[in-house]
Amino acid sequence: MTHRAPIEQAVFTSARSRQRDGYHLVATSPGVTREDAHELATWGPTHDSLCDHCPASGSINFHRLPSGNCCVSRTVASGSEYSNRGSRRIYTQCLVVPPGVMARFANNPFRLIEAASASGRLDVFDDVPPQLESFRLVGRASPFDGESLRWLASEIGPRSAAALVQAAMSTHVLGILGASSSERLFSALITLFPPSCRSEFSLSTGLRYSPRRPFRVIALEDDAGLVRRLGQRTDAVLFDMSGIRPESFPRFGPWVEIVLEALQTEQWNRLAQWYAEIGDDVMMDGLDRFAVQRKSSASFGHRSQPEHQSRRHHRLATCRPDGGDTGHGSEDRGSPTKSAPPRRPSQGAPSGRAAALTTSEILDRGQAALMEKLEQLDGAVLDAINGREGARERIQKLWPDLVSQLSPPLVDESRQQFVQFAVREWLDVCERAAPDPARAVAVLDVLALLFEPDLSHEP
Amino acid sequence: MSAKAVLPMESYRLAQYAVHVPCYVCEGGNAFDAELCRHCYAPMALVNQSGKQKTAPHLIATIGHSNAGKTVYLGTLMDMLSRQNDHLHLTARGAFSISLQQRTMAALGVCEFPEKTPGEPDRWNWVYGQVRIPARRHDFDLVMPDMAGESIIEELDHPNTFPVVRAMLKKASSILMLIDPVRIEEGSTDQDFFAMKVLSYLSDLIESVSEPTKKRKKNVTSAPPIAIVFTKSDQCDVCFDDPSGYAEKHTPGLWQQCQERFPHHRFFATGVVGACATRLVFGSVRQKVPLRVEPRGVIDPFQWLIEQTKQ
């Protein structure tokens, strides 16, 4: 059981040990691999690496390791360094955390550090023993922390917070200047990402910037040289908390729009429901796409993610034509679908057999097979856009079948929704730093398939 | 069509980024306005300084174990060379070259040793200077970094961890190796083993740089001159009497490797502070402090290296 796996630990500090003098990995527990130990030594902060603004509690740091484990570490200034020159010793205790344990703490390094500290696992040794013990950490953390988000929204405002999320998503290095409490700020920032995306972050709340430690999000001290050096990097963004001008922020991406809405309305439960729905599969680079697809599928009238088909089916079954809940399916009461709008609403039904039918009505009338096919079509469209083999053939097979069974208004409505989805995808592709023409062409190809004249019905 | 506004075309500025500027140390490509090399983190100011000269500067690599006294030695050397005019004079070029001297002298001036050099290469102090020897007609430039001992050891144990150390040892025209005799007197063998590792690493580097068709004998002759300096000799007087004999007796591994692999080597003994004491800070932290500044034999190793290099 990986979520009960032991946590390994290591200490990187200044000491005179049997192997070496100076700053080095003084001690590790037996389970730390050679590759991980080498990586810990590379990221380990040496003399005078703590920012001036760093509190006495030290800097919390988080990054991935070659083994797939995560390193959650705390760096403090404690004692004097080994050569007795009078300088403070920089002491870093690294916890090598298996992915399962990280997942138990919602991939939130701050919650894990809190738990480790509460269990007395973060004591600073004056003389570090040559070998440390691995340990198991009890407890878990909620993926969501409304209190920290409320603090963030009140501290810098929803729009600035959204801009921070956008910057964290779109850059390789985000340097934050002038944060009053970097630990609290980073904790809130990481809460605005689903747990599956959090382990992609690397962050440090109080270590000086160094290219040797390529943290993705780092708190900067007011040092003109460091700021200039970071500013020269083309992949870095500086975010000055003291001079935020919300009106200057560019257009936000789909995920950040969702975050902004949640921060403005303080509807934290909606954000929490999104996290529950996202699950473990969506990574950072797929977050915007997921948001777009989720929004468009909400307007499709049925959801598009193949991995959620069972939940999708259940959700559709509980949705009435007026958008309310039938009250069935208590398992799904906490999901975002409860408040979702009715899917495939009829656009004023002109005439015909099923002119006034919504997709929910189709389902209510026992045409579950038809609904299932519509969902398969959604999945096939997404697969085709993602370039998966055989997806085009599935569309070519499913779509004529559906056209023959659906009424003309529903066919038109479906096409309309697919066009809207395609336009969003197209805009998404165009707005990326590295546009993906193959994806844009795939979108066009799919549209062409759905609008082939020989398949179109007579009005 | 009428002009409504005038927009300056400044796209030419982008053209500057199309041309990569090679780092002086590792020769990796960088943008023209980079402050540090993105590959090895050496300051790009070295390129700007060396670009103004007709001949490439000499690189003297100063290596030593952690706490061997590299910062104190280099800082004092810079200070002494910048003040004397009659024999050998060094003029620092670029403001960044003054930092090491300033840091060392400021600390020694208040009876403290300079703080430890951080392990991150982007925070090391570098010296770019112009050496003038009155007896010779031409001046020449040299580059000397103050590296952290831990970084050197890490590179020796795990090659390519610190590209800057590797690149510098590869490019160095001469080597200044500092050994701490106090540790030797304490019975520790780590200084000897460290020196052996360095020499072995250097030999490998030289062999990898040399053409495979060359014979081993030629490889040996292409080895850079090495000055092995016993620092802190004020606490180990016996070093001053016969540094070479001291090395043969107390660091036999180092002595043997020098005889076999590096024909241009010489042992020296230096001392910067006359005496040291230990004081208690905040009642519990022990701090070693210099009682007075009394340089002895500081310039000799450097002068010997310059002579060897110019030959």
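Since this is a predicted model, take the numbers as computed values, not measurements. A, B, ... follow the sequence lines: proteins, then strands. Residue 1 opens every chain.
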A:Leu122 and A:Leu95: CA distance, side-chain angles, deciding distance, side chain to side chain contact (heavy atoms under 4.5 Å, CB included) verdict = CA-CA 9 Å; A:Leu122 292 182; A:Leu95 305 180; 4.3 Å; yes

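Both the backbone and the side chain of B:Asn67 come within contact range of chain A, each with at least one heavy atom under 4.5 Å from a heavy atom of that chain. Contact annotation for A:Arg18: neither backbone nor side-chain heavy atoms come within less than 4.5 Å of a heavy atom of chain B. No part of B:Glu112 comes within reach of chain A, as not one of its non-hydrogen atoms sits under 4.5 angstrom from that chain. Proximity to chain A (any heavy atom under 4.5 Å) is shown, for B:Arg279, by neither the backbone nor the side chain. The contact between B:Arg183 and chain A is made entirely by side chain atoms (from C-beta outward), counting heavy-atom distances below 4.5 Å.
Side-chain N or O atoms of B:Thr270 include none that pairs as donor or acceptor with a backbone N or O of B:Val298 at under 3.5 Å.
Chain B is approached within less than 4.5 Å, heavy atom to heavy atom, by A:His38, A:Ala41, A:Thr42, A:Gly44, A:Pro45, A:Thr46, A:His47, A:Asp48, A:Ser49 from residues 38-61 of chain A, ordered by number.
In terms of heavy-atom pairs under 4.5 Å with chain B, the best-connected choice from A:Gly79, A:Ser210, A:Ser80 is A:Ser210. Listed options A:Arg208, A:Arg20, A:His24, A:Glu81 were ranked by heavy-atom pairs under 4.5 angstrom with chain B; first place goes to A:Arg20.
Shown here are the salt bridge (charged side-chain N to carboxylate O under 4.0 Å, His left out) partners of A:Arg64, two or more places apart in sequence or in another chain: there are none.
Checked for salt-bridge contact, B:Asp146 and B:Lys70 miss the test: no charged N lies under 4.0 Å from a carboxylate O.
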